Amino acid sequence: MKRKDKRKPGDLRSVEIKAGVIEQADGSAMVKMGRTIAVAAVYGPREMHPRRMRKSERAFLKTTYRMAPFSTTDRCRPGRSRRSQEISMVTREALEPAIFLEEFPKTGIYLFIEIIQADAGTRTAGINAASVALADAGIPMRDLVASVAAGKIGKDYFLDLEYKEEEETAADVPVAYMPRTKEITLLQMDGDLSVKDMKGVLQTAIKGCEIMYEKQKQALRERWGPNAADVKKELKTKTAKPPSGTLRGTPSGAQASTKTEKKR
Amino acid sequence: MIIQNQHVLNMASKGQRIDNRGQDEYREIDIERNPVEKAEGSAKVTLGKTIVIAGIKMGIGKPFSDRPDEGVLMVNAEFSPIASPNFEIGPPGDDAVELARVVDRGIRESHAIDLRKLCIEKDEKVWMVNVDIHIINHSGNLIDASAMASIAALWEVRLPELKGNEINYDKKTSKRLPMTAKPVPVTFVKMEGNLFMDPGLEEEEVMEARLTVTTRDNGNIVSLQKGGAKPFTQDEIENAFALAEKKTKELRKLLN
């Protein structure tokens, strides 16, 4: 079974990840997976509103997933839908295991995900962007969360389906995965698969997450590694204050994340 | 509360449960058919102390433009304050939306209703199937109870009489919905690294992660949903598939 865009079954679409795309945010990232484009921004940790959502022992990851009305062929109505409400929830649950939320009791970490263009795999692109944005914000994390969907067309397990393939696949299985701890943080599926095929598709998706993980790390290196433009400038000017919009809010966390970058 | 939570976790770490059930033991489940006469089909599921009623109301409407020759399925869940001190009046919260969407996916992906056969006039007129789930008492595992109630209710539907554009709800025909499958879910929670089937409320309050596996009649998986703030390992998930395959077979017999 050949793919329309000539990819091999186990290939991702062309992936582009850029960290630090929104100057105002404490952390941000843009992810392109084929034609799907997701942008994520992180604000915080900061005061949690509304108060009743405040957790005494940890931070709350307030997650909002939205699709731009122009992101789809038929205009999608702005505002909350049941779909976006559910995706916001599963995205939060996919990322929470990776974050040291207990480090910031009573606060809120605000995560906003905007889908600029939707061509299948928007929740996975959103999670990939969010994970990089959280690291970019210097929020201490156990690992990055990488996310890719897989499916089955004909007899083959296909990775990272695009929109046209989504119509043909026997199932759509978005997975999010923490490669360091080998744990699955998001698993959804709709379709029709035998248990054997389900296991195969899951394995395929996990392999895809491992590839995505490397690209996420690369994006963070480009932003924060020794050769990154911002970091170079900072070293040159030797200012006491970090440039605005980069280390604001959580200096210790930001250092931690660059440190772990070096370790890898 | 904290003491009880700790107690549940302590037992879970030894593979035990506070109601002495085994790890893969379901609570007693009872399905009452057509408790609501006014609905076209209904079912009340009692799962342990959890009570859920699903009712089907049929309507006539325009099909979606991308599926002009198919009937429309809509699943909605209402977490009424009657069922739990934690439920409040207002628009559906995350849990209610998730529940409705998981039930919807199980029915849709197993093609349990042959929606094509619900087309009356292409582009113009189709049957609308409204599945409304009401939680009467929340004592854990609402997803399984709701999905079982919904599918049982759908199999009970008698279509009302149709005259032109008008539905005469007072007169039910002997016609049923074009049902083809019985998708059945099994929900697991993970506590202290162990998997437990059919979580009770006390268990849901401390669970680390949740997984719902829905299978159709031939054992194939038609829907998965992971919930909760902690991860699963690949082994745990594959273990859940095996347990679900076995249990859904038993549960499906209740729907016959």
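This one's a predicted model, so the numbers in the text were calculated from it and none came from an experiment. Below, all heavy atoms of this structure are taken into account, side chains as well, without hydrogens, waters or symmetry copies.
- Ranked by heavy-atom pairs shorter than 4.5 Å toward chain A, the options B:V75, B:D66, B:T215 are led by B:V75.
- Atom CG of B:L254 is surrounded by more than 12 heavy atoms from other residues, nucleotides or ligands within 6.0 Å.
- Between B:P231 and A:M178, the closest heavy-atom pair is CG-CE, 4.1 Å.
- For chain A, the option among B:V97, B:T233, B:T214 with the highest count of heavy-atom pairs below 4.5 Å is B:V97.
- Atom CD of A:E167 is surrounded by more than 12 heavy atoms from other residues, nucleotides or ligands within 6.0 Å.
- Both the backbone and the side chain of A:R83 come within less than 4.5 Å of a heavy atom in chain B.
- Taking all atoms of both residues into account, the shortest heavy-atom contact from A:E96 to B:A229 is OE1-CB, 3.1 Å.
- For chain A, the nearby parts of B:N76 are the backbone and the side chain; heavy atoms of each come within less than 4.5 Å.
- Within the 4.5 angstrom heavy-atom criterion, atoms from both the backbone and the side chain of B:Q225 approach chain A.
- Using non-hydrogen atoms only and a strict 4.5 Å limit, the part of residues 101-114 of chain B facing chain A consists of B:R101, B:R105, B:E109.
- Within a 6.0 Å radius of CZ in A:R75, other residues, nucleotides and ligands contribute more than 12 heavy atoms.
- Of the options A:V195, A:D192, A:D190, a side-chain contact (heavy atoms from CB on, under 4.5 Å) to B:I221 is made by A:V195 and by none of the others.
- Neither the backbone nor the side chain of A:L61 comes within less than 4.5 Å of any heavy atom in chain B.
- Counting non-hydrogen atoms of neighbouring residues, nucleotides and ligands closer than 6.0 angstrom, the OH atom of A:Y163 reaches no more than 12 such neighbours.
- The CD1 atom of B:I237 lies 3.5 Å from the CD1 atom of A:I184; values are rounded to the nearest 0.5 Å.
- Proximity to chain A (any heavy atom under 4.5 Å) is shown, for B:A244, by neither the backbone nor the side chain.
- Between B:Q234 and A:Q203, the closest side-chain pair of non-hydrogen atoms falls below 4.5 Å.
- In this structure, the side chains of A:E183 and B:F232 stay at 4.5 Å or more apart for every pair of heavy atoms.
- Between atom CD of residue B:E98 and atom OG of residue A:S88 there is a gap of 12.0 Å, rounded to the nearest 0.5 Å.
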Quiz prompt | Derivation and outcome, side-chain contact (heavy atoms from CB on, under 4.5 Å), residues B:D94 and A:E86 | solution = CA-CA 7 Å; B:D94 289 351; A:E86 188 206 348; over 6 Å; no
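- The residue among B:E236, B:E245, B:E238 with the most heavy atom pairs within less than 4.5 Å of chain A is B:E238.
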Practice problem: Report the C-alpha distance between A:M189 and B:V213 in whole Å, list the side-chain angles of each, state the deciding distance to 0.1 Å, and finish with yes or no for side-chain contact (heavy atoms from CB on, under 4.5 Å). | Solution: CA-CA 9 Å; A:M189 178 266 194; B:V213 182; over 6 Å; no
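- The environment of A:R92 atom CZ is dense: over 12 non-hydrogen atoms of other residues, nucleotides or ligands sit within 6.0 angstrom.
- To the nearest 0.5 angstrom, A:K182 atom NZ is 11.5 Å from B:D235 atom CG.
- Both the backbone and the side chain of A:L187 come within contact range of chain B, judged by heavy atoms closer than 4.5 Å.
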Quiz prompt | Criterion side-chain contact (heavy atoms from CB on, under 4.5 Å) on B:K226 and A:V90, from CA distance to verdict | solution = CA-CA 8 Å; B:K226 182 218 166 257; A:V90 296; over 6 Å; no
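- A 6.0 Å sphere centred on CZ of A:R80 holds no more than 12 heavy atoms belonging to other residues, nucleotides or ligands.
- Contact check for A:L193 versus B:N220: no side-chain heavy atoms found under the 4.5 Å cut-off.
- The contact list for residues 188-199 of chain B toward chain A, using heavy atoms and a distance under 4.5 Å, is empty.
- Heavy-atom neighbours of B:K125 NZ from other residues, nucleotides or ligands within 6.0 Å: above the threshold of 12.
- For CG of B:N218, the number of neighbouring non-hydrogen atoms (other residues, nucleotides, ligands) closer than 6.0 Å is greater than 12.
- Here the shortest heavy-atom pairing between A:R82 and B:A100 reads NH1-CB, 3.7 Å.
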